[in-house]
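Following: one structure in structure tokens, then a few remarks.
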Number of protein chains: 2
Amino acid sequence: MESQDLKRAGLKATLPRLKILRFLEESDQRHMSAEEVYKALLEAGEEVGLATIYRVLTQFEAAGLVTRHHFDEGHSVFELNLGEHHDHIVCVRCGRVDEFVDEVIEARQHRIAEEKGYEMTDHALYIYGVCPECRKAGGRRTRAEGRG
Amino acid sequence: MESQDLKRAGLKATLPRLKILRFLEESDQRHMSAEEVYKALLEAGEEVGLATIYRVLTQFEAAGLVTRHHFDEGHSVFELNLGEHHDHIVCVRCGRVDEFVDEVIEARQHRIAEEKGYEMTDHALYIYGVCPECRKAGGRRTRAEGRG
DNA sequence: GGCTGGAATGAGAAGATTTCGCATTTAGAA
DNA sequence: TTCTAAATGCGAAATCTTCTCATTCCAGCC
């Protein structure tokens, strides 16, 4: 039961929090903005205020239930933590997101932090590119493609 | 002369663009938000509208003169491109930013993009942690530290 | 060196995302 | 069931960024 997950995370098992957590678990979308969660819940007949969505997602992040990402858009997207860490490769044309894990990169990151004297708390690696479908399709480009 | 740099980048050499470019070159801060550029120019007696700062920085980005970063704050920061690529390690307490290059990571990123069928256009690697000074100092923590 | 057309700028409004303040409701323990 | 602190909902507000459009400026041409 999800309410146990919330309690374990140190959060009171309120209805809005349960709805949000259940929705994140059941959605086939892995990466969702606060707005998207809000609208999806609305459509499902579950009314949760937008401010609450933001508050709850931030609490979930602090509790380690979700991770907040800053892709090259203007807003945060959230992803349910399923245990395994991974990084992301994002299509700059269609927004598609694929995931990958690379142990070599992981290891070198730790080593770099250590060399610099940092106590590493987190890291984020985003590869941007044109996904296979968009390469076949060709076509217009977005601002993000103009980067160095 | 900077106006040549602008022309070469395909941009008309206007006064605001020159001021902004010169400022980025002369500043000892490597990473600046639009707001910071705006205020710094104001203090230097160079009045450039904030909207222009945003427009120009976006053009500079498209022209490859600067790179836009999304650290874990709510806004973009810009960095003058000096040729060499590098990644960043950011202190979650004080905001200090160090840079590093790791050829192994670079190579693996290319390989991953290739394996996934992506045509890589860019990538961003941020390591977050507590910098040596803040580790010595101890003390309060920020939201970003609560991540997975 | 002045003239001209189209591009660039400035100022403020507007848009987008996120947070805040506070009255009301709710979870969970007594 | 009753109670209290915590959570929620709503709208206002804060923050960051883009847009609109009248005015100004750059660059080529005389």
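Below, all heavy atoms of this structure are taken into account, side chains as well, without hydrogens, waters or symmetry copies. Just so we're on the same page: letters track the sequence lines, and every chain starts at 1. Being a predicted model, the structure only gives us computed values, none of them experimental.
For the side chain to side chain contact (heavy atoms under 4.5 Å, CB included) test with I20(B), the passing option among V66(B), L65(B), L41(B) is L41(B); the others fail. Residue H31(B) forms a ring pair (Phe, Tyr, Trp, His ring centres under 6.0 Å) with just one option from H75(B), H88(B), H70(B), and that option is H88(B). Put simply, the residue from H110(A), H85(A), H69(A), H86(A) that forms a ring pair (Phe, Tyr, Trp, His ring centres under 6.0 Å) with H123(A) is H85(A).
Straight-line distance from the CD atom of E61(A) to the C1' atom of dT18(C): 13 Å, rounded to whole Å. In this structure, M32(B) atom CE and dC16(D) atom P are separated by 15 Å, rounded to whole Å. Distance CD (Q4(B)) to P (dA27(D)): 10 Å, rounded to an integer number of Å. Rounded to whole angstrom, the span from the OH atom of Y38(A) across to the C1' atom of dG11(D) amounts to 12 Å. The distance between atom NZ of K19(B) and atom P of dC25(D), rounded to the nearest whole Å, is 10 Å. In this structure, L50(B) atom CG and dC16(D) atom C1' are separated by 9 Å, rounded to whole Å. Between the P atom of dG9(D) and the CZ atom of R55(A) lies a distance of 8 Å, rounded to the nearest Å. The distance from atom CZ of R68(A) to atom P of dT17(C) is 14 Å, rounded to the nearest whole Å.
At a cut-off of 3.5 Å, with distance as the only test, a side-chain donor of T52(A) or R55(A) sits close to an acceptor on the other residue.
Judged as a side-chain contact (heavy atoms from CB on, under 4.5 Å), and not counting sequence neighbours, the contacts of T14(B) are K12(B), P16(B), R17(B). By the side-chain contact (heavy atoms from CB on, under 4.5 Å) test, R96(B) is found to be paired with Y118(A), C91(B), C94(B), D98(B), C131(B), P132(B), E133(B), residues two or more places apart in sequence or in another chain being considered.
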Please list each protein N or O that sits under 3.5 Å from an N or O in nucleotides 27-30 of chain C, with the distance.
unit_1: dG28(C); atom_1: OP1; unit_2: A13(A); atom_2: N; d: 3.0

Below 3.5 Å between N/O atoms, which protein atoms pair up with nucleotides 28-30 of chain D? Just atom names and distances, please.
none

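For E114(B), the CD atom sits in a loose shell: 12 or fewer heavy atoms of surrounding residues, nucleotides or ligands are nearer than 6.0 Å.
Taking the C1' atoms of five terminal pairs at each end of the helix from dG1(C)-dC30(D) to dA30(C)-dT1(D), the two resulting helix axes are inclined by 30°, rounded to 10°.
Using a 4.0 Å heavy-atom distance criterion, S76(A) is classed as a sugar-phosphate-only contact. The residue E35(B) sits apart from the nucleic acid: no heavy atom pair falls under 4.0 Å.
Between F78(B) and F60(B), the gap from one ring centroid to the other reaches at least 6.0 Å.
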Assess whether side-chain contact (heavy atoms from CB on, under 4.5 Å) is satisfied between L80(B) and E25(B), documenting all intermediate values.
CA-CA 7 Å; L80(B) 195 61; E25(B) 286 170 346; 3.4 Å; yes
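Closest approach to the V56(A) side chain among dC10(D), dT8(D), dT9(C) is made by dT8(D) (side chain taken as heavy atoms from C-beta onward).
Under the 3.5 Å distance criterion, the side-chain polar atoms of S27(A) are left unmatched by any main-chain donor or acceptor of F23(A). Formation of a donor-acceptor pair under 3.5 Å by the T121(A) side chain with backbone atoms of Y128(B) is found in this model.
Sorted by first and then second residue, the salt bridge (Lys or Arg N to Asp or Glu O under 4.0 Å) pairs involving residues 43-52 of chain A (not counting sequence neighbours) are K19(A)-E46(A).
Put simply, R17(B) has a side-chain N or O that comes within less than 4.0 Å of OP1 or OP2 on dA8(C). The side chain of Y54(A) contributes an N or O atom lying less than 4.0 Å from OP1 or OP2 of dT18(C).
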